[in-house]
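Remarks on the structure that follows.
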Amino acid sequence: MKKGYFGEFGGQFVPELLVPPLRELEEAMQDIMDDPVFNRDLDGVFTEFVGRPTPICRCANLSGDLGFDLWLKREDLAHTGAHKINNTVGQALLARHMGKTCLLAETGAGQHGVATATAASVLGLECVVFMGALDVKRQSHNVRRMELLGARVEPVLSGTKTLKDAINAALRYWIAHQKNTHYCLGSVVGPHPFPLLVRKLQSVIGREARSQFLDRTGRLPDLVVACVGGGSNAMGIFHPFAGDREVQLVGVEAGGEGRPGCYHSATLSRGSFGVLHGTRTYLLQTSEGQIMPSHSVAPGLDYPGVGPEHAFLKDSGRARYDVVYDAEALEAFYLLCRKEGIIPALESSHALAWVIGNRDKIRPQSAVLVNLSGRGDKDLDIVREIESQV
Amino acid sequence: MKKENILTQRISQAVKGGRRALIPFVPAGFPDKDVFWDIIMELDRSGADIIEIGVPFSDPVADGPVVENASIRCLEQGIGLAWIMEGLSQVREKIEAGIVLMGYFNPFLQYGLEKLATRAEEAGVNGLIIPDLILEEAGPHLKLLETHGLSFVPLVGLNTPKRRMAEYSELGPAFVYLVSVLGITGTKVSAGQLLRTKLQEVKDVFSCPVALGFGLSSRDQLDSTADLVDAVVFGSALIQHLDSGKKAGDFMKGWN
Ligand SMILES: Cc1ncc(COP(=O)(O)O)c(C=O)c1O
């Protein structure tokens, strides 16, 4: 395979001015991330700060109703309430080893921004977060959290004023500040080596889950299910199972409201091949190659691109990808709240909804592992807003 | 020996005449699609040696707000490659300047690269600048472009090592474009000595002419580098000039 590619997906479609910092990052990954000192430091942060390992738990009540065993990997219990922190503490540590003094991030709903601000704070780095001006308004809570953590939040006024424009703004900022700044990209997207770097850091989810599952049940799960926005929580749990051919991998994308003509975020299922934010992958775009707005009730799934390795897993058939609509995700959200005492993130609710929607096709007695990528406290305003509309 | 690309010729002629070649950049359809081709012809008459036509894209990561907003306005008018190719075919004969299309990779990719090369050649395009297509990713497409007489014009920066410049030089481009700032279009140029050192390096490595661009708004900025620059590119400053309703020709006068 060509360097930086997964089959025909991936690559480095960036301005030449970003080639030097990308090379520097690639070299740092090789030199630093295999070093025992780095890994000892990272393990320490994972254990003491993030709260790893996160447990897996069997849904005692739902499993009875469904007729098969439903297990959750509890990333909602990680510090800041989602898997995003695995990536940011790892990149912050790497940045520090590289001698960088500032962490740069984009954020949509604010989850990755908060996770980056958190990592920067504990590891003594400055932090700049670009956030679409529309999102700054919609997610004022997270803006406040980032500011409390010492980050500078820069509203992005260009384009659609959402996540994709925040990534553009971060890339532009990185061009000018590459000397002392590390770009802490939030998912398995972007130019090489980001998809590999983020996968490497998020794989802790799947490594833990695989060994926990074996310990608890003496076998592997039949199905591993995760929601896919950019694809980092999904890649994190899929990757360590990739060699287990008997384990089916299912990625769940956001179908939005589902009415014809409405925007959605089902990039792999409904998009087409193209280049955005430095990588060749599936995109939501017009026939002329202009990027379209995306939409989902789950802010973290709202992105018109997807990680190139997911595109590869889809085309190679190793993983399959399906679509869940806003209403189905909400139903799954309520169900987990009432039945299992867990308020899940609306993103993670998509993965749960897929399992519930496909209950008849899943063999009785099988074991299904869902990556519960985050907790839903952040989504209460969105849920309340929807409730007030019906 | 390869026939000398018209872009190289245009710059060499200017230099031989004791001046720097002028390369204005305007996004296609700006400020309005009805006047765009008139502006291009006015630029041509007022001394442009090469004209860069911007192909608008929704997510232009190498551009500052002036170019981005201009591109969005063009997109809102429905401008795309089809419109550009058709319009250019009709006026190309009347334009003396070399023509370069500058655009991000995805719209070219979706148009179809074979079709792009064929239509661009028919429409009289002489070269392409693709700010998000670096050496490694451009590799597979260079033969196609060459077959259709299209020069791939590389961008290099203040942070591009000499070794890498040499690799670009081996592609035999019609000219090379040095980005004058470690930043995006419209960033103010300030790096005096660093810029001079880099320009000297570019001159040493490349045998083709050297163009300087990004953030140029007046000729005074070039005083410290005058002897090393064969051509200058200006975009944001021209866009702002046009947007305030002033004539393209008046802008060019300040550079002649
Ligand atoms: C809880 C949660 N899950 C999932 C996602 C989607 O991102 P990814 O697909 O990279 O895991 C997000 C993004 O913000 C999130 O906050």
Side-chain angles (χ1 to χ4, degrees), chain A residues 2-5 8 10-24 156-179 190-192 272-281 283-293 304-305, chain B residues 55-69 71-72 74-76 78-83 103-112 130-140 154-161 164-165 168 176-179 181-187 214:
Chain A
K2 209 170 131 187
K3 195 186 93 182
Y5 272 81
E8 54 184 322
Q12 269 183 347
F13 295 83
V14 292
E16 181 64 34
L17 276 62
L18 282 179
V19 171
L22 288 169
R23 287 273 157 88
E24 185 189 1
V156 177
L157 293 158
S158 62
T160 58
K161 305 183 176 58
T162 61
L163 176 59
K164 79 175 179 66
D165 306 283
I167 297 180
N168 294 337
L171 286 167
R172 289 171 185 142
Y173 184 91
W174 200 29
I175 291 177
H177 299 86
Q178 50 189 268
K179 202 165 175 199
H192 173 70
S272 58
F273 189 48
V275 169
L276 175 67
H277 295 146
T279 190
R280 266 180 103 111
T281 183
L283 303 178
L284 303 177
Q285 58 180 331
T286 66
S287 58
E288 296 204 314
Q290 307 301 337
I291 307 308
M292 301 209 302
Chain B
V55 181
F57 181 47
S58 52
D59 295 80
V61 289
D63 286 302
V66 173
V67 175
E68 177 168 33
N69 290 332
S71 299
I72 288 172
C74 297
L75 286 175
E76 283 166 357
I79 304 296
L81 278 164
W83 184 86
Y104 292 83
F105 190 48
N106 197 48
F108 290 140
L109 189 65
Q110 302 308 320
Y111 189 74
I130 309 177
D132 59 346
L133 199 69
I134 60 171
L135 184 71
E136 291 77 2
E137 307 295 352
L155 291 155
V156 297
L158 297 174
N159 61 349
T160 307
R164 190 161 169 85
M165 284 199 250
Y168 275 115
V176 56
Y177 187 149
L178 175 65
V179 176
V181 286
L182 205 50
I184 51 183
T185 54
T187 312
F214 278 41

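These figures come from a predicted structure and were not determined experimentally. Residue numbers begin at 1 in each chain, while the letters A, B, ... track the order of the sequences. In what follows, every heavy atom counts, from backbone to side chain, and hydrogens, waters and symmetry copies are set aside.
If you check the side chains of A:Ser158 and A:Asp165, you find no donor sitting under 3.5 Å from an acceptor.
Minimum interatomic distance between B:Val176 and B:Val156 (heavy atoms only, all atoms of both residues): CG2-CG2, 4.1 Å. Summarising the geometry of A:Glu288 relative to B:Gln110, their closest heavy-atom pair is C-CB, 4.1 Å, with the distance given to 0.1 Å. In terms of heavy-atom proximity, B:Leu182 sits nearest to B:Leu158 at N-CD1, 4.0 Å. A:Arg172 approaches B:Val61 most closely through the heavy-atom pair CG-O, 3.1 Å. Between B:Met165 and B:Thr160, the closest heavy-atom pair is CE-O, 3.6 Å.
Heavy atoms closer than 4.5 Å to chain A are found in both the backbone and the side chain of B:Glu136. With a 4.5 angstrom heavy-atom cutoff, B:Ile130 does not touch chain A via any of its atoms. Neither the backbone nor the side chain of B:Asn69 comes within less than 4.5 Å of any heavy atom in chain A. No part of B:Pro65 comes within reach of chain A, as not one of its non-hydrogen atoms sits under 4.5 angstrom from that chain. Neither the backbone nor the side chain of A:Tyr173 comes within less than 4.5 Å of any heavy atom of chain B. Heavy atoms of B:Pro56 lying under 4.5 Å from chain A belong exclusively to its backbone. Contact of A:Thr160 with chain B is not made at all, since no heavy-atom distance falls under 4.5 Å.
The most heavy-atom pairs under 4.5 Å with chain B, out of A:Gly274, A:Pro191, A:Gly278, A:Ala169, come from A:Gly274. Ranked by heavy-atom pairs shorter than 4.5 Å toward chain B, the options A:Leu283, A:Ile167, A:Val275 are led by A:Val275. Annotation: maximal heavy-atom pairing with chain A below 4.5 Å, among B:Gly157, B:Ser71, B:Pro107, occurs at B:Pro107. With respect to chain A, the highest number of heavy-atom pairs below 4.5 Å among B:Phe105, B:Tyr111, B:Tyr104 belongs to B:Phe105. Put simply, of B:Pro60, B:Pro154, B:Ser58, the one with the most heavy-atom pairs under 4.5 Å next to chain A is B:Ser58.
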Under 3.5 Å donor-acceptor pairs involving side-chain atoms of residues 10-22 of chain A, not counting sequence neighbours:
unit_1  : atom_1 : unit_2   : atom_2 : d
A:Gln12 : NE2    : A:His192 : O      : 2.8
A:Glu16 : OE1    : B:Arg164 : NH2    : 3.2
A:Glu16 : OE1    : B:Tyr168 : OH     : 2.4
A:Glu16 : OE2    : B:Arg164 : NE     : 2.5

Please step through side chain to side chain contact (heavy atoms under 4.5 Å, CB included) for the pair B:Phe57 and B:Leu75, ending with a clear verdict. CA-CA 8 Å; B:Phe57 181 47; B:Leu75 286 175; 5.9 Å; no
